[in-house]
Visitor: 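The structure under discussion is supplied below as structure tokens; questions concerning it will follow.
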2 protein chains.
Amino acid sequence: MAREALPESGDGHPADEGGGSCPVQDIAAAWERERPGTPVSSIGIVTPIWQLAKLLGDDRRRVLARAGVDAATLDLLSVLRRAGAPYTLTTRELGRRSLVSAGAVSQRVARAEREGLVTRRPGAGRPRTVLVELTAAGHELVEATVDQVLHREAELISGLTGEQQEQLTGLLRILLQDTRRRLGDDRITHVGQE
Amino acid sequence: MAREALPESGDGHPADEGGGSCPVQDIAAAWERERPGTPVSSIGIVTPIWQLAKLLGDDRRRVLARAGVDAATLDLLSVLRRAGAPYTLTTRELGRRSLVSAGAVSQRVARAEREGLVTRRPGAGRPRTVLVELTAAGHELVEATVDQVLHREAELISGLTGEQQEQLTGLLRILLQDTRRRLGDDRITHVGQE
DNA sequence: AGGTCTAAATTTAGACCTGAACATAGCATT
DNA sequence: AATGCTATGTTCAGGTCTAAATTTAGACCT
């Protein structure tokens, strides 16, 4: 790969992550070669997860750019749309469902409100709750884009057989659930009590 | 919603993504309920990948903050460290291995250079190649932090059995490889020819 | 040899997110 | 009933990324 005449992609280390963005297993091999004893056991799982998230996220951003939306806004609108009528949630709930900080929710909602996609009004419950509701324009934007995005992503993972997809889904579900449990139970579904 | 006693985690939709950040499968179920026919087949795979990347990334950032580094800089230094002596790569190669744009590489290198972790000098090859080399301080920083990060991540995925980890690694490798092939072959290892 | 072309890095503008500081609406306690 | 407490939303500063515009070093062609 990219030996001799080619650009300096090949940088001299034969066993190294050759040319291009390099198979994940070469990363673990490089650590072993350079620093024997490095705890590489997580690399085979964590690295591809990050790389896939990056590739899929970049692709989604480009797909949505053509539709004139950004991914963060569509995420907000989708959460509201999925909640069902009356398409209203508190900002607190929005943050928990989107895995972003309270500040990020505030900014997302402010942007979306400026564009007429949601409205904001004080709620009745706790101290300072704010209810965010989808407008007709916001609803339409979701309807116009969500199938496009999901269809595209189904295409991107179609290299796996149905059985492989099922296996992968199951393993990821277990890992995600377990990881959530290990990191602050804040955003966890306390399935049983409370 | 915002039921009385309970926090408004439970928002009224019984079949909805209940409280907290909600099991992934409920997201697909919510789309089905709200928009029958929505192409949800990718959700079981794409959503957990994003959520895991987010959770793991946030955690890594917090671990590194204590060590006084940011994740982007450590990524840069690690790539150079893994390349082996003389710990030198072109910016082009750095971008390909880290999956970030050329502009991002420029900024990362500028920051790291300002902190004395790498040096930059013109290279011989193509038009304007720039070689980036790890300094002694940069080398030390990698040695001081990488085990910590990898160990922590190994811990986070330890909820899976060894066999599950192997299965997951294999499936992710296939999916990543296939996804790279489908999206711009630019950063792909052209395994065979070329 | 000189002008044009191409490839590569850098700069710039715009978006987004986190963490911390800030403001505030009800609740609990005394 | 008044006061402090706590949970919540917002604002702000700082940092990172992408995409597009800009600059520039060699290569190519006539």
Side-chain angles (χ1 to χ4, degrees), chain A residues 5-9 50 53-55 57-66 68-76 89-96 98-115 120-132 184 186, chain B residues 2 4-9 50 53-55 57-66 68-76 89-96 98-115 120-132 184 186:
Chain A
L6 290 181
E8 56 291 291
S9 303
W50 271 339
K54 177 78 161 91
L55 293 175
D58 285 355
D59 188 68
R60 173 179 283 199
R61 180 158 28 75
R62 281 188 287 265
V63 168
L64 289 176
R66 265 176 247 136
V69 213
D70 62 273
T73 299
L74 184 64
D75 183 39
L76 168 66
L89 291 173
T90 62
T91 57
R92 206 173 126 62
E93 196 46 32
L94 289 170
R96 197 152 37 192
S98 289
L99 264 56
V100 295
S101 67
V105 173
S106 240
Q107 293 170 11
R108 282 182 174 194
V109 172
R111 283 195 298 273
E113 189 179 38
R114 211 179 307 135
E115 297 175 48
R120 199 162 20 171
R121 66 175 189 280
R126 303 210 183 174
R128 288 187 58 183
T129 55
V130 169
L131 295 176
V132 179
D186 289 351
Chain B
E4 54 296 83
L6 287 182
E8 57 288 291
S9 304
W50 269 339
K54 177 80 159 92
L55 293 176
D58 285 355
D59 188 68
R60 174 180 282 202
R61 181 158 28 73
R62 281 189 287 265
V63 168
L64 289 176
R66 265 176 247 136
V69 212
D70 62 275
T73 299
L74 184 63
D75 184 38
L76 168 65
L89 291 173
T90 62
T91 57
R92 210 172 120 63
E93 196 43 35
L94 288 169
R96 196 151 39 190
S98 290
L99 265 55
V100 296
S101 68
V105 173
S106 243
Q107 294 171 10
R108 282 182 174 195
V109 172
R111 284 195 299 273
E113 188 178 39
R114 211 179 308 132
E115 298 175 46
R120 198 162 20 172
R121 66 174 188 280
R126 308 227 193 148
R128 286 186 60 182
T129 55
V130 169
L131 296 175
V132 180
D186 288 352

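A note on names: the letters A, B, ... follow the listed sequences, proteins ahead of strands, and every chain is numbered from 1.
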Visitor: Distance check needed: dA9(C) P versus Arg121(B) CZ, whole Å only.
Guide: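 Computing the Arg121(B):CZ to dA9(C):P distance gives 15 Å.
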Visitor: Starting from P on dG15(D), measure out to CG on Leu74(B) and report it in whole angstrom.
Guide: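 From Leu74(B) CG to dG15(D) P: 18 Å.
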Visitor: Both Val130(B) and Gly103(A) contact DNA chain C. Taking the nearest nucleotide for each, which residue is further toward the 5' end?
Guide: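 The answer here is Val130(B).
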Visitor: Rounding to a whole Å, what distance do you find between Asp58(A):CG and dA15(C):C1'?
Guide: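 Answer to the nearest Å: 14 Å.
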Visitor: Output the rounded distance in Å from CZ (Arg96(B)) to C1' (dA7(C)).
Guide: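 Checked: the CZ to C1' distance equals 13 Å.
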Visitor: Select base, sugar-phosphate, or nothing to describe what Ser101(B) touches, counting heavy atoms under 4.0 Å on all strands.
Guide: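 If one applies the 4.0 Å heavy-atom cut-off, Ser101(B) turns out to touch a base.
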Visitor: If you only use heavy atoms from C-beta on, which nucleotide in dT18(C), dT10(C), dT10(D) is closest to the side chain of Ala104(A)?
Guide: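 My answer, after comparing the listed nucleotides, is dT18(C).
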Visitor: How many whole angstroms separate atom CZ of Arg114(B) from atom P of dG14(D)?
Guide: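 Computing the Arg114(B):CZ to dG14(D):P distance gives 14 Å.
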Visitor: Can you tell me how far the CG atom of Asp59(A) sits from the NZ atom of Lys54(A), to the nearest 0.5 Å?
Guide: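 Taking CG in Asp59(A) and NZ in Lys54(A), the distance rounds to 11.5 Å.
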Visitor: Which listed nucleotide (dT10(C), dC17(C), dC16(C)) is nearest to the side chain of Ser106(B)?
Guide: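 Of the candidates, dT10(C) comes closest.
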Visitor: Can you measure from CD (Glu93(B)) to OG1 (Thr129(B)) and round to the nearest 0.5 angstrom?
Guide: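 Going from CD on Glu93(B) over to OG1 on Thr129(B), the span is 12.5 Å.
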Visitor: I want to verify a distance call: between dT16(D), dC16(C), dT18(C), whose nearest atom is closest to the Arg111(A) side chain?
Guide: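 Nearest to the side-chain atoms of Arg111(A), counting from C-beta on, is dC16(C).
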Visitor: Are Arg108(A) and dC17(C) close enough that a side-chain N or O sits under 4.0 Å from OP1 or OP2?
Guide: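 Answer yes for this pair, as a side-chain N or O of Arg108(A) is under 4.0 Å from OP1 or OP2.
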Visitor: At less than 4.0 Å, is any side-chain N or O atom of Lys54(B) found next to OP1 or OP2 of dT18(C)? Yes or no.
Guide: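 Checking dT18(C) against Lys54(B), a side-chain N or O does come within under 4.0 Å of OP1 or OP2.
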Visitor: Go nucleotide by nucleotide along DNA chain C from the 5' end; which of Ala71(A) and Gly123(A) gets its closest nucleotide reached first?
Guide: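 The 5'-side residue here is Ala71(A).
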Visitor: In the strands shown, is dT6(D) matched to any nucleotide by a Watson-Crick or G-U wobble pair with both distances under 3.5 Å, and which?
Guide: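 Pair assignment: dT6(D) / dA25(C).
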Visitor: From dG9(D), dT10(C), dT18(D), pick the nucleotide closest to the side chain of Gln107(B)?
Guide: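 That would be dT18(D).
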Visitor: With a 4.0 Å limit, can you tell me whether Arg61(B) has a side-chain N or O closer than that to the phosphate oxygens OP1/OP2 of dT18(C)?
Guide: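 It does not, given that no N or O in the side chain of Arg61(B) lies less than 4.0 Å from OP1 or OP2 of dT18(C).
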Visitor: Classify the nucleic acid contact of Thr91(B) as base, sugar-phosphate or nothing, counting any heavy atom under 4.0 Å across all strands shown.
Guide: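 Sugar-phosphate, backbone atoms only, no base.
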Visitor: Atom CG of Leu99(A) and atom P of dC16(C): how far apart are they, to the nearest Å?
Guide: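 For the pair Leu99(A) CG and dC16(C) P, the rounded distance is 18 Å.
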Visitor: Measure the CZ-CG distance between Arg111(B) and Asp70(B) for me, rounded to the nearest 0.5 Å.
Guide: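 Output value for this atom pair is 6.0 Å.
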Visitor: Less than 4.0 angstrom between a side-chain N/O of Arg120(B) and OP1 or OP2 of dT10(C), yes or no?
Guide: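 Indeed, a polar side-chain atom of Arg120(B) lies that close.
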Visitor: Which one, dT16(D), dC17(C), dG9(D), comes nearest to the side chain of Arg92(A)?
Guide: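 The closest nucleotide is dG9(D).
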Visitor: For dG26(D), which nucleotide in any strand shown is its Watson-Crick or wobble partner with both distances under 3.5 Å?
Guide: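 Pairing partner: dC5(C).
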Visitor: Quick one: label Ala102(B) by what it contacts on the DNA or RNA (base, sugar-phosphate, nothing), any heavy atom closer than 4.0 Å.
Guide: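 Result for Ala102(B) = base.
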Visitor: Report the distance from atom CZ of Arg66(A) to atom P of dT18(D), rounded to the nearest whole Å.
Guide: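 Distance check: Arg66(A) CZ to dT18(D) P gives 17 Å.
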Visitor: Nearest 0.5 Å please: distance from the CG atom of Leu89(A) over to the CG atom of Leu131(A).
Guide: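 Between Leu89(A) CG and Leu131(A) CG, I get 8.5 Å after rounding to 0.5 Å.
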Visitor: Please give, in whole Å, the distance from dC17(C) P to Asp70(B) CG?
Guide: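 Whole-Å distance recorded here is 18 Å.
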